[in-house]
Amino acid sequence: MEFIDLKSQYKLLEKEINENIGDVLNNTEFILGKYTELFEARLEEYLGVKHAVTCSDGTAALQLIFMANGIGKGCAVFCPAMTFIASVEPAVMLGATPVFCDIDEKTYNIDPESLERQIQNVAREGMLKPAAIVGVDFLGNPADFDALQSIAERYHLLLLEDAAQGMGASFRGRKCGTLGDIAATSFFPSKPLGCYGDGGAVFTNDDETDTVLRSLRVHGKGKNKYDNIRIGINSRLDTLQAAVLLPKLGILSEEIKKRQEIARIYDEALKSKYKIPYVREGNVSSYAQYIVMTESQEHREKCLQRLKSQNIPSIMYYPNPLHKLPVFKGINHYGEQFPVAENYSTCSFGIPFSPYLTRSDQNRVIECLMEA
Ligand SMILES: *Cc1c(COP(=O)(O)O)cnc(C)c1O
(Lines give C-alpha, C1' and ligand atoms only; values in the text may rest on other atoms or scores of the structure.)
Protein backbone atom coordinates (compact mmCIF):
# COMPACT_ATOMS: atom_id res chain seq x y z
CA MET A 1 0.00 0.00 0.00
CA GLU A 2 1.30 3.44 -0.92
CA PHE A 3 1.14 6.26 1.63
CA ILE A 4 0.09 8.61 -1.18
CA ASP A 5 -0.91 6.82 -4.37
CA LEU A 6 0.63 8.89 -7.19
CA LYS A 7 0.79 5.96 -9.63
CA SER A 8 -2.99 5.66 -10.08
CA GLN A 9 -3.20 9.36 -10.83
CA TYR A 10 -0.45 9.01 -13.43
CA LYS A 11 -2.26 6.06 -15.04
CA LEU A 12 -5.37 8.23 -15.30
CA LEU A 13 -3.54 11.14 -16.95
CA GLU A 14 -0.76 9.18 -18.66
CA LYS A 15 -1.67 10.04 -22.24
CA GLU A 16 -1.91 13.79 -21.73
CA ILE A 17 1.14 14.01 -19.46
CA ASN A 18 3.30 11.98 -21.84
CA GLU A 19 2.17 14.04 -24.83
CA ASN A 20 2.96 17.29 -23.03
CA ILE A 21 6.38 16.06 -21.93
CA GLY A 22 7.11 14.85 -25.47
CA ASP A 23 6.12 18.25 -26.81
CA VAL A 24 8.50 20.06 -24.43
CA LEU A 25 11.36 17.71 -25.35
CA ASN A 26 10.69 18.31 -29.05
CA ASN A 27 10.39 22.08 -28.95
CA THR A 28 13.27 22.39 -26.40
CA GLU A 29 11.77 25.33 -24.56
CA PHE A 30 12.78 24.24 -21.04
CA ILE A 31 12.61 27.38 -18.91
CA LEU A 32 9.35 29.36 -18.67
CA GLY A 33 7.68 29.52 -22.12
CA LYS A 34 4.35 28.25 -23.44
CA TYR A 35 3.39 25.66 -20.82
CA THR A 36 4.40 27.88 -17.91
CA GLU A 37 2.33 30.77 -19.27
CA LEU A 38 -0.64 28.51 -19.88
CA PHE A 39 -0.36 26.97 -16.43
CA GLU A 40 -0.17 30.40 -14.79
CA ALA A 41 -3.29 31.48 -16.70
CA ARG A 42 -5.16 28.33 -15.60
CA LEU A 43 -4.12 28.87 -11.99
CA GLU A 44 -5.39 32.46 -12.13
CA GLU A 45 -8.69 31.21 -13.54
CA TYR A 46 -9.00 28.40 -11.00
CA LEU A 47 -8.34 30.65 -8.01
CA GLY A 48 -9.94 33.80 -9.36
CA VAL A 49 -6.74 35.68 -8.62
CA LYS A 50 -5.14 38.34 -10.81
CA HIS A 51 -1.58 37.02 -10.89
CA ALA A 52 -0.04 33.58 -10.47
CA VAL A 53 3.75 33.76 -10.55
CA THR A 54 5.25 30.27 -10.73
CA CYS A 55 8.69 29.54 -9.30
CA SER A 56 11.10 26.72 -8.48
CA ASP A 57 9.48 25.48 -5.24
CA GLY A 58 7.29 26.46 -2.32
CA THR A 59 10.19 27.65 -0.19
CA ALA A 60 11.29 29.98 -2.99
CA ALA A 61 7.70 31.23 -3.31
CA LEU A 62 7.82 32.24 0.36
CA GLN A 63 11.28 33.76 -0.09
CA LEU A 64 10.09 35.81 -3.08
CA ILE A 65 7.19 37.15 -0.99
CA PHE A 66 9.45 38.10 1.92
CA MET A 67 11.91 39.77 -0.49
CA ALA A 68 9.18 41.66 -2.38
CA ASN A 69 7.90 43.03 0.93
CA GLY A 70 11.26 44.04 2.38
CA ILE A 71 11.15 41.56 5.26
CA GLY A 72 14.60 41.26 6.81
CA LYS A 73 16.79 42.38 9.71
CA GLY A 74 14.82 43.81 12.63
CA CYS A 75 11.51 42.31 11.48
CA ALA A 76 9.44 39.91 13.57
CA VAL A 77 7.59 37.27 11.54
CA PHE A 78 4.81 35.47 13.40
CA CYS A 79 4.06 31.86 12.56
CA PRO A 80 2.49 28.78 14.14
CA ALA A 81 4.77 26.55 16.22
CA MET A 82 3.41 23.58 14.27
CA THR A 83 4.24 23.81 10.57
CA PHE A 84 7.05 22.90 8.19
CA ILE A 85 10.21 24.95 8.80
CA ALA A 86 9.93 26.43 5.28
CA SER A 87 6.96 28.56 6.42
CA VAL A 88 9.46 30.89 8.09
CA GLU A 89 12.96 29.71 7.11
CA PRO A 90 13.38 32.10 4.12
CA ALA A 91 12.48 35.08 6.33
CA VAL A 92 15.13 34.00 8.84
CA MET A 93 17.66 33.65 6.03
CA LEU A 94 16.85 37.25 5.08
CA GLY A 95 17.65 38.35 8.63
CA ALA A 96 14.17 38.40 10.20
CA THR A 97 13.34 36.81 13.57
CA PRO A 98 10.63 34.12 13.86
CA VAL A 99 8.12 34.50 16.67
CA PHE A 100 6.21 31.30 17.38
CA CYS A 101 2.55 31.06 18.35
CA ASP A 102 0.58 28.12 19.70
CA ILE A 103 -2.03 26.34 17.60
CA ASP A 104 -5.77 25.82 17.99
CA GLU A 105 -6.78 22.61 19.72
CA LYS A 106 -9.39 21.68 17.12
CA THR A 107 -8.00 22.78 13.76
CA TYR A 108 -4.25 22.68 14.62
CA ASN A 109 -3.93 26.05 12.89
CA ILE A 110 -2.37 29.17 14.42
CA ASP A 111 -4.30 30.26 17.53
CA PRO A 112 -5.35 33.91 17.01
CA GLU A 113 -5.18 34.60 20.75
CA SER A 114 -1.62 33.36 21.05
CA LEU A 115 -0.77 35.37 17.93
CA GLU A 116 -2.14 38.58 19.37
CA ARG A 117 -0.31 38.03 22.67
CA GLN A 118 2.96 37.51 20.80
CA ILE A 119 2.46 40.65 18.68
CA GLN A 120 1.88 42.66 21.85
CA ASN A 121 4.89 41.03 23.55
CA VAL A 122 7.16 41.98 20.65
CA ALA A 123 5.78 45.53 20.51
CA ARG A 124 6.16 45.96 24.28
CA GLU A 125 9.76 44.76 24.26
CA GLY A 126 10.52 47.17 21.42
CA MET A 127 13.56 45.40 19.91
CA LEU A 128 11.85 44.15 16.75
CA LYS A 129 9.28 45.57 14.36
CA PRO A 130 6.21 43.34 14.02
CA ALA A 131 6.14 42.87 10.23
CA ALA A 132 4.28 39.81 8.97
CA ILE A 133 1.99 36.94 9.91
CA VAL A 134 2.35 33.58 8.16
CA GLY A 135 -1.06 31.87 8.20
CA VAL A 136 -0.60 28.22 7.22
CA ASP A 137 -3.37 26.03 5.82
CA PHE A 138 -2.00 23.18 7.91
CA LEU A 139 -2.76 19.67 6.60
CA GLY A 140 -4.93 21.34 3.95
CA ASN A 141 -7.32 22.76 6.54
CA PRO A 142 -7.67 26.54 6.07
CA ALA A 143 -6.53 28.74 8.97
CA ASP A 144 -9.04 31.21 10.42
CA PHE A 145 -8.28 33.97 7.94
CA ASP A 146 -11.11 36.21 9.15
CA ALA A 147 -9.51 36.38 12.59
CA LEU A 148 -6.01 36.71 11.09
CA GLN A 149 -7.14 39.49 8.75
CA SER A 150 -8.57 41.58 11.55
CA ILE A 151 -5.39 41.14 13.64
CA ALA A 152 -3.21 42.00 10.61
CA GLU A 153 -5.24 45.17 10.02
CA ARG A 154 -5.20 46.18 13.68
CA TYR A 155 -1.39 45.95 13.90
CA HIS A 156 -0.62 46.90 10.25
CA LEU A 157 1.06 43.61 9.39
CA LEU A 158 1.49 41.80 6.11
CA LEU A 159 -0.76 38.72 6.07
CA LEU A 160 0.89 35.95 4.11
CA GLU A 161 -0.92 32.70 3.37
CA ASP A 162 1.23 29.58 3.22
CA ALA A 163 -1.08 27.46 1.07
CA ALA A 164 1.55 24.78 0.32
CA GLN A 165 -0.82 22.12 1.70
CA GLY A 166 -4.05 23.89 0.83
CA MET A 167 -4.50 23.81 -2.95
CA GLY A 168 -8.12 22.90 -3.65
CA ALA A 169 -9.30 23.77 -0.14
CA SER A 170 -11.51 26.73 0.76
CA PHE A 171 -12.45 29.01 3.64
CA ARG A 172 -16.08 30.20 3.80
CA GLY A 173 -16.39 29.86 0.02
CA ARG A 174 -13.04 31.54 -0.73
CA LYS A 175 -10.30 29.39 -2.19
CA CYS A 176 -7.06 28.77 -0.31
CA GLY A 177 -4.33 30.69 -2.11
CA THR A 178 -6.45 33.86 -2.07
CA LEU A 179 -6.99 34.34 1.65
CA GLY A 180 -4.25 36.71 2.79
CA ASP A 181 -2.61 39.79 1.25
CA ILE A 182 -0.47 37.39 -0.76
CA ALA A 183 -0.05 33.60 -0.88
CA ALA A 184 2.55 30.96 -1.60
CA THR A 185 2.04 27.36 -2.62
CA SER A 186 4.15 24.30 -3.38
CA PHE A 187 3.89 21.67 -6.10
CA PHE A 188 6.12 19.17 -4.29
CA PRO A 189 4.95 15.71 -5.47
CA SER A 190 3.06 14.78 -2.31
CA LYS A 191 1.12 18.06 -2.03
CA PRO A 192 -2.56 18.16 -3.09
CA LEU A 193 -1.44 19.60 -6.45
CA GLY A 194 1.98 18.11 -7.07
CA CYS A 195 4.37 17.88 -10.01
CA TYR A 196 7.19 15.41 -10.76
CA GLY A 197 9.93 17.33 -9.00
CA ASP A 198 9.98 20.71 -7.30
CA GLY A 199 7.64 23.58 -8.12
CA GLY A 200 5.84 26.49 -6.50
CA ALA A 201 3.86 29.67 -7.07
CA VAL A 202 2.95 33.04 -5.57
CA PHE A 203 -0.58 34.46 -5.88
CA THR A 204 -1.34 38.18 -5.72
CA ASN A 205 -3.96 40.66 -6.91
CA ASP A 206 -1.44 43.52 -6.87
CA ASP A 207 0.03 44.52 -10.26
CA GLU A 208 3.13 46.15 -8.82
CA THR A 209 3.95 43.15 -6.63
CA ASP A 210 3.49 40.90 -9.66
CA THR A 211 6.09 42.91 -11.59
CA VAL A 212 8.56 42.79 -8.68
CA LEU A 213 8.07 39.02 -8.22
CA ARG A 214 8.67 38.36 -11.94
CA SER A 215 11.86 40.40 -11.72
CA LEU A 216 13.04 38.73 -8.50
CA ARG A 217 12.65 35.21 -9.89
CA VAL A 218 15.03 36.07 -12.77
CA HIS A 219 17.97 37.66 -10.90
CA GLY A 220 16.22 40.99 -10.43
CA LYS A 221 15.87 41.55 -14.17
CA GLY A 222 14.74 44.91 -15.52
CA LYS A 223 13.32 45.23 -19.02
CA ASN A 224 15.37 42.21 -19.93
CA LYS A 225 17.52 39.53 -18.35
CA TYR A 226 20.82 41.43 -18.58
CA ASP A 227 19.51 44.75 -17.35
CA ASN A 228 19.38 43.89 -13.64
CA ILE A 229 17.75 46.47 -11.37
CA ARG A 230 17.68 44.64 -8.02
CA ILE A 231 19.25 41.62 -6.34
CA GLY A 232 17.06 38.63 -7.04
CA ILE A 233 17.35 34.86 -7.21
CA ASN A 234 17.10 32.13 -9.83
CA SER A 235 13.69 30.60 -9.24
CA ARG A 236 11.66 29.54 -12.24
CA LEU A 237 9.24 26.66 -12.70
CA ASP A 238 10.62 24.15 -15.22
CA THR A 239 8.52 24.01 -18.37
CA LEU A 240 8.38 20.21 -17.96
CA GLN A 241 6.76 20.63 -14.55
CA ALA A 242 4.22 23.10 -15.92
CA ALA A 243 3.42 20.57 -18.68
CA VAL A 244 2.82 17.91 -16.00
CA LEU A 245 0.79 20.25 -13.78
CA LEU A 246 -1.66 21.39 -16.47
CA PRO A 247 -3.64 18.13 -16.71
CA LYS A 248 -3.37 17.64 -12.95
CA LEU A 249 -4.94 21.04 -12.28
CA GLY A 250 -7.75 20.02 -14.65
CA ILE A 251 -8.86 17.22 -12.31
CA LEU A 252 -8.09 18.94 -8.98
CA SER A 253 -11.75 19.78 -8.23
CA GLU A 254 -12.83 16.18 -8.81
CA GLU A 255 -9.97 14.93 -6.66
CA ILE A 256 -11.00 17.27 -3.84
CA LYS A 257 -14.49 15.74 -3.96
CA LYS A 258 -13.02 12.24 -3.76
CA ARG A 259 -10.84 13.35 -0.85
CA GLN A 260 -14.00 14.38 1.04
CA GLU A 261 -15.62 10.98 0.43
CA ILE A 262 -12.57 9.07 1.60
CA ALA A 263 -12.14 11.32 4.63
CA ARG A 264 -15.80 10.75 5.62
CA ILE A 265 -15.21 6.97 5.62
CA TYR A 266 -12.16 7.32 7.92
CA ASP A 267 -14.08 9.81 10.09
CA GLU A 268 -17.02 7.49 10.69
CA ALA A 269 -14.89 4.42 11.26
CA LEU A 270 -12.28 5.96 13.56
CA LYS A 271 -14.09 8.64 15.55
CA SER A 272 -15.02 6.37 18.46
CA LYS A 273 -11.35 5.60 19.25
CA TYR A 274 -9.37 8.57 17.86
CA LYS A 275 -9.58 12.32 17.56
CA ILE A 276 -10.30 12.83 13.86
CA PRO A 277 -9.64 15.97 11.76
CA TYR A 278 -11.90 18.92 12.52
CA VAL A 279 -12.95 21.13 9.62
CA ARG A 280 -15.06 24.18 10.54
CA GLU A 281 -18.54 24.37 9.03
CA GLY A 282 -18.39 26.18 5.69
CA ASN A 283 -14.75 25.21 5.08
CA VAL A 284 -13.32 22.51 2.84
CA SER A 285 -10.03 20.76 3.62
CA SER A 286 -7.83 19.33 0.91
CA TYR A 287 -6.66 16.70 3.42
CA ALA A 288 -3.06 17.07 2.34
CA GLN A 289 -2.62 14.58 5.17
CA TYR A 290 -5.25 12.65 7.09
CA ILE A 291 -4.11 12.94 10.71
CA VAL A 292 -5.50 11.18 13.75
CA MET A 293 -4.70 11.87 17.40
CA THR A 294 -4.34 9.40 20.23
CA GLU A 295 -4.84 10.19 23.90
CA SER A 296 -1.26 9.36 24.81
CA GLN A 297 2.15 8.99 23.27
CA GLU A 298 2.12 5.33 24.35
CA HIS A 299 -1.05 4.69 22.38
CA ARG A 300 0.46 6.37 19.34
CA GLU A 301 3.54 4.14 19.65
CA LYS A 302 1.29 1.07 19.71
CA CYS A 303 -0.57 2.27 16.62
CA LEU A 304 2.61 3.03 14.68
CA GLN A 305 4.06 -0.38 15.55
CA ARG A 306 0.92 -2.20 14.60
CA LEU A 307 0.67 -0.38 11.27
CA LYS A 308 4.31 -1.17 10.57
CA SER A 309 3.87 -4.85 11.40
CA GLN A 310 1.13 -5.02 8.76
CA ASN A 311 3.18 -3.11 6.18
CA ILE A 312 0.89 -0.09 6.30
CA PRO A 313 2.85 3.15 5.88
CA SER A 314 2.35 6.02 8.34
CA ILE A 315 4.00 9.33 9.10
CA MET A 316 4.63 11.73 11.97
CA TYR A 317 3.78 15.09 10.48
CA TYR A 318 5.56 16.80 12.17
CA PRO A 319 7.42 15.10 15.04
CA ASN A 320 8.90 18.40 16.32
CA PRO A 321 7.24 21.77 16.80
CA LEU A 322 9.41 24.61 15.42
CA HIS A 323 10.33 25.98 18.86
CA LYS A 324 11.89 22.60 19.75
CA LEU A 325 14.09 22.41 16.64
CA PRO A 326 17.82 22.68 17.39
CA VAL A 327 18.19 25.49 14.86
CA PHE A 328 15.69 27.67 16.77
CA LYS A 329 17.10 26.98 20.26
CA GLY A 330 18.04 30.58 20.96
CA ILE A 331 14.76 32.15 19.83
CA ASN A 332 12.90 34.36 22.31
CA HIS A 333 9.44 33.00 23.22
CA TYR A 334 8.43 36.04 25.30
CA GLY A 335 7.16 33.68 28.00
CA GLU A 336 4.56 32.14 25.65
CA GLN A 337 3.96 28.39 26.03
CA PHE A 338 3.02 25.98 23.24
CA PRO A 339 1.16 23.12 24.95
CA VAL A 340 -1.18 22.38 22.04
CA ALA A 341 1.60 22.22 19.45
CA GLU A 342 3.63 19.99 21.78
CA ASN A 343 0.74 17.65 22.44
CA TYR A 344 0.02 17.50 18.70
CA SER A 345 3.61 16.50 17.95
CA THR A 346 3.58 13.66 20.48
CA CYS A 347 0.13 12.20 19.83
CA SER A 348 -0.59 12.63 16.10
CA PHE A 349 0.16 10.51 13.08
CA GLY A 350 -0.88 10.38 9.43
CA ILE A 351 -2.34 7.35 7.66
CA PRO A 352 -2.49 6.42 3.95
CA PHE A 353 -4.60 8.93 2.06
CA SER A 354 -5.13 10.03 -1.53
CA PRO A 355 -8.06 10.39 -3.91
CA TYR A 356 -7.12 6.95 -5.24
CA LEU A 357 -7.08 5.01 -1.96
CA THR A 358 -9.05 1.84 -2.62
CA ARG A 359 -11.85 0.74 -0.33
CA SER A 360 -10.05 -2.51 0.50
CA ASP A 361 -6.81 -0.74 1.44
CA GLN A 362 -8.77 1.76 3.50
CA ASN A 363 -10.54 -1.09 5.30
CA ARG A 364 -7.18 -2.66 6.13
CA VAL A 365 -6.00 0.59 7.72
CA ILE A 366 -9.24 0.96 9.68
CA GLU A 367 -9.18 -2.64 10.95
CA CYS A 368 -5.59 -2.31 12.02
CA LEU A 369 -6.27 0.92 13.93
CA MET A 370 -9.43 -0.35 15.60
CA GLU A 371 -7.45 -3.30 16.94
CA ALA A 372 -4.61 -1.14 18.23
C1 LIG B 1 5.90 21.83 1.52
C2 LIG B 1 5.75 23.04 2.32
C3 LIG B 1 6.53 24.19 2.09
C4 LIG B 1 7.70 24.22 1.15
O5 LIG B 1 7.46 23.79 -0.13
P6 LIG B 1 8.65 23.17 -1.03
O7 LIG B 1 8.06 23.12 -2.39
O8 LIG B 1 8.95 21.82 -0.46
O9 LIG B 1 9.80 24.09 -0.95
C10 LIG B 1 6.24 25.32 2.82
N11 LIG B 1 5.28 25.33 3.75
C12 LIG B 1 4.52 24.25 4.01
C13 LIG B 1 3.43 24.34 5.04
C14 LIG B 1 4.73 23.06 3.32
O15 LIG B 1 3.98 21.99 3.59
Side-chain angles (χ1 to χ4, degrees), residues 3-4 6 39 43 52-67 71 77-94 96 98 100-101 103-104 107-110 132-143 145 148 159-169 171 176-177 179-180 182-203 217 233-238 240-242 244-245 248 277 285-291 315-322 325 327-328 341 344-345 348 350 353:
F3 186 64
I4 296 178
L6 294 174
F39 178 57
L43 276 173
V53 183
T54 54
C55 58
S56 57
D57 52 79
T59 310
L62 287 149
Q63 182 176 350
L64 288 167
I65 294 174
F66 291 124
M67 289 173 82
I71 305 291
V77 175
F78 302 87
C79 75
M82 178 47 64
T83 179
F84 186 45
I85 187 173
S87 293
V88 76
E89 179 188 31
V92 179
M93 192 181 278
L94 290 164
F100 303 121
C101 309
I103 57 171
D104 178 83
T107 65
Y108 314 134
N109 275 310
I110 191 166
I133 301 167
V134 183
V136 182
D137 302 317
F138 189 55
L139 311 172
N141 196 11
F145 270 89
L148 298 185
L159 179 56
L160 193 172
E161 182 188 7
D162 179 347
Q165 303 177 11
M167 283 301 286
F171 174 77
C176 288
L179 301 176
I182 190 162
T185 199
S186 162
F187 305 123
F188 185 80
S190 61
K191 305 282 160 114
L193 178 61
C195 58
Y196 293 154
D198 278 309
V202 178
F203 307 120
R217 75 174 175 180
I233 55 177
N234 175 12
S235 175
R236 280 102 37 152
L237 180 69
D238 288 343
L240 276 171
Q241 300 303 346
V244 166
L245 282 160
K248 288 193 178 209
S285 175
S286 66
Y287 295 97
Q289 303 286 339
Y290 188 96
I291 298 285
I315 197 173
M316 282 185 275
Y317 199 87
Y318 298 96
N320 297 302
L322 295 188
L325 291 178
V327 67
F328 291 139
Y344 173 89
S345 69
S348 67
F353 193 89

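Whatever order the structure lists ligands and atoms in, that order sets their numbers, starting from 1. Numbers here are sequence positions counted from 1.
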Compute the shortest N/O to N/O distance between Asp162 and ligand 1 and return yes if it is under 3.5 Å, no if not.
-> yes

So, is Gly58 polar-close to ligand 1, with some N/O to N/O distance under 3.5 Å?
-> yes

Atom indices of ligand 1 within 4.0 angstrom of [X] heavy atoms, with elements:
X	answer
Lys191	1 (C), 2 (C), 3 (C), 5 (O), 14 (C), 15 (O)
Ser186	5 (O), 6 (P), 7 (O)
Gln165	13 (C), 14 (C), 15 (O)
Ala164	2 (C), 3 (C), 10 (C), 11 (N), 12 (C), 14 (C), 15 (O)
Thr83	13 (C)

Can you see which heavy atom on [X] is nearest to which on [Y], and at what distance?
X	Y	value
Asp162	Ser87	OD2-OG, 2.7 Å
Pro192	Met167	CB-O, 3.5 Å
Ser286	Gln165	OG-O, 2.8 Å

Could you go through the side chain to side chain contact (heavy atoms under 4.5 Å, CB included) check for Ser56 and Asp198 one step at a time?
-> CA-CA 6 Å; Ser56 57; Asp198 278 309; 5.9 Å; no

CZ (Phe203) and OG1 (Thr185) are apart, to the nearest 0.5 Å, by 5.5 Å

How close does the nearest protein non-hydrogen atom get to atom 9 (O) of ligand 1, and which residue and atom is it?
-> Thr59 OG1, 2.5 Å

Can the ring centroids of Phe187 and Phe39 be said to lie less than 6.0 angstrom from one another?
->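 Yes, the ring centres sit under 6.0 Å apart.
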
